[in-house]
Amino acid sequence: MDIFKACFLGILQGLTEFLPVSSSGHLVLFQKIFHLSEPPIFFDTMVHFGTFFSLLFYFRKSLKEIFKKDYLWRLFIGTLPIVIFGFLMKNEIEKIFDSLFLTGISFLVTSFLLFLTLFFKEKKEKISFFDAFFIGVFQALALLPGVSRSGATLSAGSFRSISYKKNFKFSFHLGMIAIFGAVILQIMNIHKVSNEEAKLSLLGFIFSFFSGIFALNFLAKIFFKRKLYLFSFYTFLLGIFCLIYYFL
């Protein structure tokens, strides 16, 4: 890996982790088209750490809310589905991430979910335990490359008519837990890291952090204007492209 690739992957991670377009789907697509090798585990861990710290920075004023008992229970319930599905799918992950066909279908699923948000309006301020579980199930879908985690959870919150402000915060508070959990699992597989790899990984961390903050601010503006559905056109085109590329 060189400096250019480290910067590119850092920016890609920061933007696609939070914009509802699927970071994992883009990674699969770029690997297939440009024959890119999978990033080293340490580098991948660091760019995910970058996006995690983006969330901490962006939501720094609402972090105390996470530790309120009732809200913490809702986050716990919302996290259960992805933990359960992740455990059940752990032996199939490698096959899933090697399938461009599945990635294409998943992009179309994301497109469908995002477009549906056009027909729902905010009606309630409180997130119930059922709402939390419902959003959590949609988050679990993001284990499939091409299904956007943010897109799925924000759509699910919209389907439950939760206010945009509450929906946005809950979605990304859940995201903090999901990303942190993924990082911890990756750390367990890290062994020796060379000085060069450490330098490139730090570069990836910096670029993913700043591009992540940019992506969160940009998404917030789009989401609060009730125009999340606009991303559906992009993911639809990506899905069609993946399927055409797969069959050619």
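No side-chain heavy atom of Arg149 sits under 4.5 Å from any side-chain heavy atom of Leu143. Residues Phe112 and Phe107 form no side-chain contact, since every pair of their non-hydrogen atoms from C-beta on lies 4.5 Å or further apart.
Considering Tyr71, Phe180, Phe67, Tyr58 as possible partners of His173, the one that fulfils the ring pair (Phe, Tyr, Trp, His ring centres under 6.0 Å) test is Tyr71. With Phe168 as the partner, the ring pair (Phe, Tyr, Trp, His ring centres under 6.0 Å) test is satisfied by one option alone out of Tyr164, Phe170, Phe172: Phe172.
The aromatic rings of Phe138 and Phe159 sit perpendicular, their planes meeting at an angle over 60°, well past the 30° parallel limit. Aromatic ring orientation, Phe76 versus Trp73: perpendicular (interplanar angle above 60°, classes split at 30° and 60°). Using cut-offs of 30° and 60° on the angle between ring planes, the pair Tyr246 and Phe101 is tilted.
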Give the intermediate values and the outcome of side-chain contact (heavy atoms from CB on, under 4.5 Å) for residues Leu203 and Ile3.
CA-CA 8 Å; Leu203 196 61; Ile3 292 177; 3.6 Å; yes
Would you please test Val137 and Phe134 for side-chain contact (heavy atoms from CB on, under 4.5 Å) and show each step?
CA-CA 5 Å; Val137 170; Phe134 184 80; 6.0 Å; no
For Leu114 and Ser155, run side-chain contact (heavy atoms from CB on, under 4.5 Å): C-alpha distance rounded to whole Å, both residues' side-chain angles, the deciding distance at 0.1 Å, then the answer.
CA-CA 6 Å; Leu114 294 173; Ser155 295; 3.8 Å; yes
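Ion pairing between Glu65 and Lys169 holds under the 4.0 Å rule for side-chain N and carboxylate O. A salt bridge does not link Lys165 to Glu122: none of the charged side-chain nitrogens sits closer than 4.0 Å to a carboxylate oxygen. Salt bridge Asp131/Arg74: absent, no basic N to carboxylate O contact under 4.0 Å.
By the rule that hydrophobic residues join a cluster once side-chain heavy atoms approach within less than 4.5 Å of another member, Leu75 and Phe130 end up as members of one cluster.
Between the side chains of Thr153 and Ser171, a donor-acceptor pair is found at a separation under 3.5 Å.
In terms of modelled atom types and a separation under 3.5 Å, the side chain of Thr51 and the main chain of Gly212 share no donor-acceptor contact.
Every residue two or more places apart in sequence or in another chain that forms a salt bridge (charged side-chain N to carboxylate O under 4.0 Å, His left out) with Lys32 is listed here: Asp98.
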